[in-house]
Amino acid sequence: HGHVDAERPLATPLVRLPPGSHARYVDRQGVEVLGATAPLPEYGWIFLTEVPVADALGELRALRALSLVLGGLFSLLVIGAAWIMAGEIVAPVRGLVAGSRSLGRGELKVRVPVGGSSELVELGTAFNDMAAKLASHQERIERMHQAEIARAEQLATVGELASGLAHEIKNPVVGISNGLDLVLRRVTDPELTPITEEMKRQLNRIERAVQDLLAFARPSEPRPRETSLNTVVERASTLVDAGARKRRVALELELDRELPTIHADPELLSQALVNLMLNAVQFTPEGGRVTVRTRRVDGGAVAIDVVDRGPGIDQETRAHLFKPFFTTRASGTGLGLPITRGIVERHGGRIEVRSRPGEGATFSIVLPAAEDDR
């Protein structure tokens with residue numbers, strides 16, 4: 001810095017500190033410096049060095065400014081990259097959201113553009129596949145619905161015709177049956193007796209068919225009241241028991257005594273159950289057994305299971321079981337199961353069928369329990 005007066009004490013706090021110390025201070029010329037001392041033992045001196053702060057930290061300050069500039073540029077670069085990536089991600093996601101909302105409104109033909117990352121491509125493809133399947137199922141449901149409507153209209157027409165025909169047949173059959181009863185009481189010829197008895201049986205068969213037609217064409221509306229399902233089963237079993245014993249088929253009851261009550265018409269429900277039990281008895285071989293059980297069903301419902309040990313039902317036959325006039329018996333009318341299903345459905349229930357060829361069949365009537373007992 002120029003001339004130094006050797007007799008003037010140094011203006012540094014380091015003279016009061018042990019050798020090897022350092023400090024930042026203003027020197028005697030008013031310049032801010034960084035000072036440090038180091039001992040020189042072989043001379044008994046202390047070496048002192050001072051460097052202006054501006055010179056010592058200049059490069060660091062330049063590096064700091066450069067780092068700020070570079071940091072700013074890097075931040076801008078990150079923001080730009082994030083903006084671009086967000087555009088590539090958000091746009092497909094927004095498309096998926098809009099497509100989902102359209103799908104929720106029933107617009108099954110909606111499709112979303114597929115693009116972006118592999119995950120978004122996979123998601124968009126899955127969405128489009130789902131929409132296509134939903135559209136296909138909707139078309140199938142609509143076709144089935146139209147078929148059901150046509151079937152209902154056809155059945156209504158058949159029902160009206162059957163009702164009129166049954167009324168036209170019923171009165172003459174009753175008259176012939178009453179006249180035949182009078183003939184049976186007066187005819188004593190042993191050769192004519194078997195013929196007249198067979199005529200009586202055939203008339204009874206016609207009368208039962210007419211009654212089935214009337215029951216199918218003009219079903220009675222239920223008159224529900226609080227009813228015990230077990231009581232209905234026991235009543236139906238007394239009506240079927242005689243026929244079962246005649247065919248040497250055992251009738252077993254497995255009743256849940258803690259079963260809740262139901263709101264139902266016991267007369268109609270008993271009719272439906274008798275139809276199922278008679279079918280089970282007829283298809284069970286001699287020496288076999290038919291089991292009727294009551295049980296609870298998840299969701300607050302109750303069920304009656306009619307289990308036979310017959311030949312079982314194949315899938316093709318099971319698809320036609322509840323169609324009117326479909327029967328696998330030569331003497332059947334094909335109306336028993338449709339009438340039974342109609343009774344159960346008017347009670348808010350359903351019929352389930354489980355069977356495999358050679359393993360018998362199980363018909364289940366599922367009914368809702370009374371509200372107070374759920």
Side-chain angles (χ1 to χ4, degrees), residues 1-138 298-299:
H1 301 301
H3 177 72
V4 177
D5 186 359
E7 295 181 356
R8 184 180 176 183
L10 295 173
T12 173
L14 293 174
V15 297
R16 297 185 298 273
L17 298 176
S21 302
H22 57 86
R24 180 174 177 173
Y25 54 89
V26 179
D27 67 3
R28 58 190 173 185
Q29 294 182 359
V31 179
E32 188 177 15
V33 298
L34 291 175
T37 59
L40 299 173
E42 63 272 18
Y43 298 105
W45 291 2
I46 296 177
F47 176 75
L48 168 64
T49 179
E50 293 179 348
V51 180
V53 173
D55 295 338
L57 301 181
E59 293 185 3
L60 292 177
R61 288 172 178 170
L63 288 174
R64 182 177 64 181
L66 180 61
S67 66
L68 290 175
V69 173
L70 293 177
L73 293 174
F74 181 74
S75 298
L76 292 175
L77 181 63
V78 170
I79 292 173
W83 182 267
I84 295 173
M85 292 180 65
E88 293 181 353
I89 295 175
V90 172
V93 171
R94 286 178 178 173
L96 284 170
V97 172
S100 300
R101 289 174 178 171
S102 299
L103 198 64
R105 292 192 296 267
E107 301 174 9
L108 300 182
K109 294 183 178 180
V110 65
R111 299 293 184 271
V112 298
V114 178
S117 63
S118 58
E119 291 81 3
L120 290 174
V121 170
E122 184 177 355
L123 185 59
T125 303
F127 178 89
N128 290 336
D129 291 343
M130 178 187 68
K133 290 180 180 178
L134 285 175
S136 176
H137 290 323
Q138 179 68 19
D298 294 338

Q.
Please determine whether side-chain contact (heavy atoms from CB on, under 4.5 Å) holds for the pair V69 and L73, giving the CA-CA distance in whole Å, both sets of side-chain angles, and the decisive distance to 0.1 Å.
A. CA-CA 6 Å; V69 173; L73 293 174; 4.2 Å; yes

Q: Dump the intermediate steps for side-chain contact (heavy atoms from CB on, under 4.5 Å) on V53 and R24, then the final yes or no.
A: CA-CA 8 Å; V53 173; R24 180 174 177 173; 3.5 Å; yes

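At a threshold of 4.5 Å between non-hydrogen side-chain atoms, the residues T12 and E50 count as touching. Using a 4.5 Å heavy-atom threshold, the side chains of V33 and V26 count as separate.
Rounding to the nearest 0.5 Å gives a distance of 9.5 Å between CD1 of I46 and OG of S21. Between the CG atom of L14 and the OG1 atom of T49 there is a distance of 10.5 Å, given to the nearest 0.5 Å.
For the side chain to side chain donor-acceptor pair (under 3.5 Å) condition, no pair includes a residue of residues 64-80, sequence neighbours left out.
Using a distance-only test at 3.5 Å, with no hydrogens or angles considered, no donor-acceptor pair links the side chain of T37 to the main chain of F47.
Across every non-hydrogen atom of P39 and G20, the tightest pair is CD-N, 4.3 Å. Between G35 and Y25 the shortest heavy-atom distance is CA-OH, 3.8 Å.
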